[in-house]
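Down below is the structure, laid out as structure tokens.
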Amino acid sequence: MKNTLARIFLLLALTFFSGRQLCVHAQGSPSLDSLQGVLKNPSINDSLRANTFLQLSYAMLRISMDSSLYFAREAQKLIPEKTNLRQYFTFLLLQGSQKAIQGKSSEGLKIFLKALELAEADPDKIPENQKVLSLVNTGGIFYSLDEYEKAAFYLKKAIAILEKSRITINLGEAYRGLLLVYVASGNADAARLYARKALSVYTALDLDLESNLIRLTLVELSILDRKYQEAYEQLTELLPFFQKANIPLHLGEVQAQLGRAALETGRYPEAYQNLRSAFHLFKTTQSSKMQREVTRNLNRLFEIKGQTDSAYFYFKAYKFQDSILLRELNDKIVIKTKLDYDSRLQEQEYALLEQENRDIQLQNSIYLILFFSLCAVLVVVSLSMAALQKRKAFVEIQNEEIGKLHQKAEQALEQSVRLGQEKQQLISLLSHDLRAPLEIIQINVALLEDKIPQPNPELQEIRENAR
């Protein structure tokens with residue numbers, strides 16, 4: 001029964017929320033003709049044309065998937081991802097809805113998660129109702145894949161936004177989705193809590209169908225708690241409403257639960273009547289899992305009554321439905337395995353990208369250090385060269401000064417030599433000029449001394465002076 005409930009929940013989320021936010025409900029919404037008329041106007045800009053294609057695609061989502069895909073592709077051609085984030089986000093929601101309805105849950109989940117990343121990266125540009133839609137759809141897909149904790153996580157985030165904005169009808173649907181999650185996971189207390197919340201919303205809005213569907217879920221909880229008499233009484237009250245509403249799937253569910261409650265309380269004719277009606281309704285709606293539960297209860301009924309042929313007939317029907325469900329379960333396991341593999345692959349790719357980014361940053365740091373080191377070396381070399389040039393200029397100036405001094409010294413030396421030579425010549429001349437008359441004086445003094453017998457002091461003084 002859970003698989004069918006999941007499909008109902010997904011369809012409600014994908015059609016009701018999407019249709020409400022893009023104005024594709026019948027009341028006050030543009031018709032297909034009016035939307036196509038907008039496209040025929042050659043003067044409209046690309047933004048309005050893309051928005052019209054998105055509305056047409058959402059409108060055709062419940063009519064023709066091929067047409068919906070065509071309009072989505074036309075819208076994608078006109079939506080620039082970087083410049084018009086809001087339209088691109090809407091396109092992602094549409095594309096994810098198409099994948100989910102086509103049964104491609106893993107692909108739809110990737111798209112919704114990408115939309116949520118965009119919303120978290122730039123929250124101001126994405127309206128809250130579209131954020132709620134992406135959260136609800138993501139939770140619905142995780143629910144269909146039996147990922148109950150993840151489903152509850154995203155639905156609670158949607159509820160937190162809705163409780164702030166007080167969009168009542170959307171809040172009721174979100175409560176109902178979380179209710180189904182807790183029913184499937186076996187958390188009866190949490191399921192009853194959100195059932196009461198959803199019921200209060202639907203009751204306040206006078207939505208009888210939604211209110212009674214919540215009551216039907218509460219009855220299922222009573223059956224799980226083996227409160228069969230209480231469940232029988234509640235189902236008896238609900239049956240006339242669903243017979244009047246004449247929705248095969250819901251009516252079949254009520255009769256299946258009523259048949260089981262009647263069986264457990266010993267009301268065998270009533271159990272047979274309701275179970276048979278539910279069996280035919282589920283056969284019409286091709287609800288394999290619900291057919292399986294009904295045939296199992298019919299088998300039990302005929303075993304209790306001792307009608308072995310009928311019991312065997314429904315036992316074979318039960319095993320046939322069981323084989324169908326086994327194939328569906330295997331397909332679901334394959335999808336879940338593929339999703340887990342893709343998730344791990346993405347984590348590995350992210351880890352590799354982070355490692356590559358760290359390596360690039362390290363390499364850039366090394367290059368930066370080398371660059372600054374080279375700059376420092378160049379600065380030191382340039383300063384050294386400048387100092388060397390200055391020293392060289394100083395040495396050249398000093399050498400030039402030394403040269404001048406050397407030249408002056410040579411000139412002084414030459415002048416000194418010349419003066420010495422001149423002095424020597426002068427001395428030679430003076431000695432020559434003085435020696436001849438002095439020798440004559442000395443000779444004459446000697447002659448006088450020979451002629452005078454007594455020593456003469458005056459002649460001695462003249463001789464001494466002349467010497």
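Each residue takes its place number in the sequence, starting with 1.
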Check the orientation of Tyr143 and Tyr148. Use parallel for under 30°, tilted for 30 to 60°, and perpendicular for over 60°. tilted
Heavy-atom check, side chain of Tyr202 versus side chain of Leu209, under 4.5 Å: no
If you look at every heavy atom in Leu221 and Ala191, which pair is closest and at what distance? CD1-CB, 3.9 Å
Check the pair Asp225 / Arg192 against salt bridge (charged side-chain N to carboxylate O under 4.0 Å, His left out), numbers first and verdict last. CA-CA 12 Å; Asp225 292 340; Arg192 288 190 178 90; 2.4 Å; yes
Could you tell me which non-hydrogen atom of Val136 sits nearest to which non-hydrogen atom of Leu155, and how far apart they are? CA-CD2, 4.1 Å
Would you say the side chain of Asn274 lies within less than 4.5 Å of the side chain of Val254, judging by non-hydrogen atoms? no
Can you see whether Tyr194 has Lys197 sitting over its ring - NZ or CZ less than 6.0 Å from the centre and within 45° of the normal? yes
Measure across Leu179 and Ala195 and return the closest heavy-atom pair with its distance rounded to 0.1 Å. CD1-CB, 3.8 Å
Is there a side chain to side chain contact (heavy atoms under 4.5 Å, CB included) between Val380 and Ser384? Walk through the geometry before answering. CA-CA 6 Å; Val380 171; Ser384 300; 4.0 Å; yes
I want to check something: taking the side chain as every heavy atom from C-beta on, are Leu113 and Tyr154 in contact at a cut-off of under 4.5 Å? yes
Note: Leu178 and Ala152 closest approach over all heavy atoms is CD1-CA, 3.6 Å
Partner of Arg215 under side-chain contact (heavy atoms from CB on, under 4.5 Å), picked from Leu213, Asn212, Thr217, Val219, is Asn212
Gln398 atom CD, over 12 foreign heavy atoms within 6.0 Å: yes
Distance check, rounded to the nearest 0.5 Å: Phe241 atom CZ versus Leu251 atom CG? 11.5 Å
How long is the gap from CG on Leu275 to CZ on Arg260, to the nearest 0.5 Å? 10.5 Å
Side-chain H-bond candidate by donor/acceptor type, Glu163 with Tyr175, under 3.5 Å: yes
Taking it one step at a time, do Gln273 and Tyr268 satisfy side chain to side chain donor-acceptor pair (under 3.5 Å)? CA-CA 9 Å; Gln273 180 182 356; Tyr268 300 131; over 6 Å; no
Heavy-atom check, side chain of Val201 versus side chain of Leu207, under 4.5 Å: no
I need the minimum non-hydrogen distance between Ala174 and Ile159, along with the two atoms involved. CB-CG1, 3.6 Å
Side-chain (Ser382) to main-chain (Val379) donor-acceptor, under 3.5 angstrom: yes
Qualifying residues under ring-ring contact (aromatic ring centres under 6.0 Å, His included), relative to Tyr232, sequence neighbours excluded: none
Before you tell me yes or no, could you show the steps for Glu253 and Gln257 under side chain to side chain donor-acceptor pair (under 3.5 Å), namely the whole-Å CA-CA distance, both residues' side-chain angles and the distance that decides it to 0.1 Å? CA-CA 6 Å; Glu253 186 180 348; Gln257 298 287 12; 5.0 Å; no
Does any donor atom in the side chain of Gln355 or Asp359 lie under 3.5 Å from an acceptor atom in the other side chain? yes
Side chains of Arg358 and Gln361, donor plus acceptor under 3.5 Å: no
Heavy-atom pair of closest approach, residues Gly259 and Ala271: O-CB, 3.4 Å
How far apart are the C-alpha atoms of Glu149 and Phe142, what are their side-chain angles, what is the distance that settles it, and do they pass the side chain to side chain contact (heavy atoms under 4.5 Å, CB included) test? CA-CA 9 Å; Glu149 290 185 3; Phe142 276 123; over 6 Å; no
Hey, what do you get for CD (Gln255) to CG (Leu238), rounding to the nearest 0.5 Å? 12.5 Å
So how far is it from Glu233 CD to Lys227 NZ, rounded to the nearest 0.5 Å? 12.5 Å
To the closest 0.5 Å, what do you measure between CG (Leu180) and OG (Ser185)? 10.5 Å
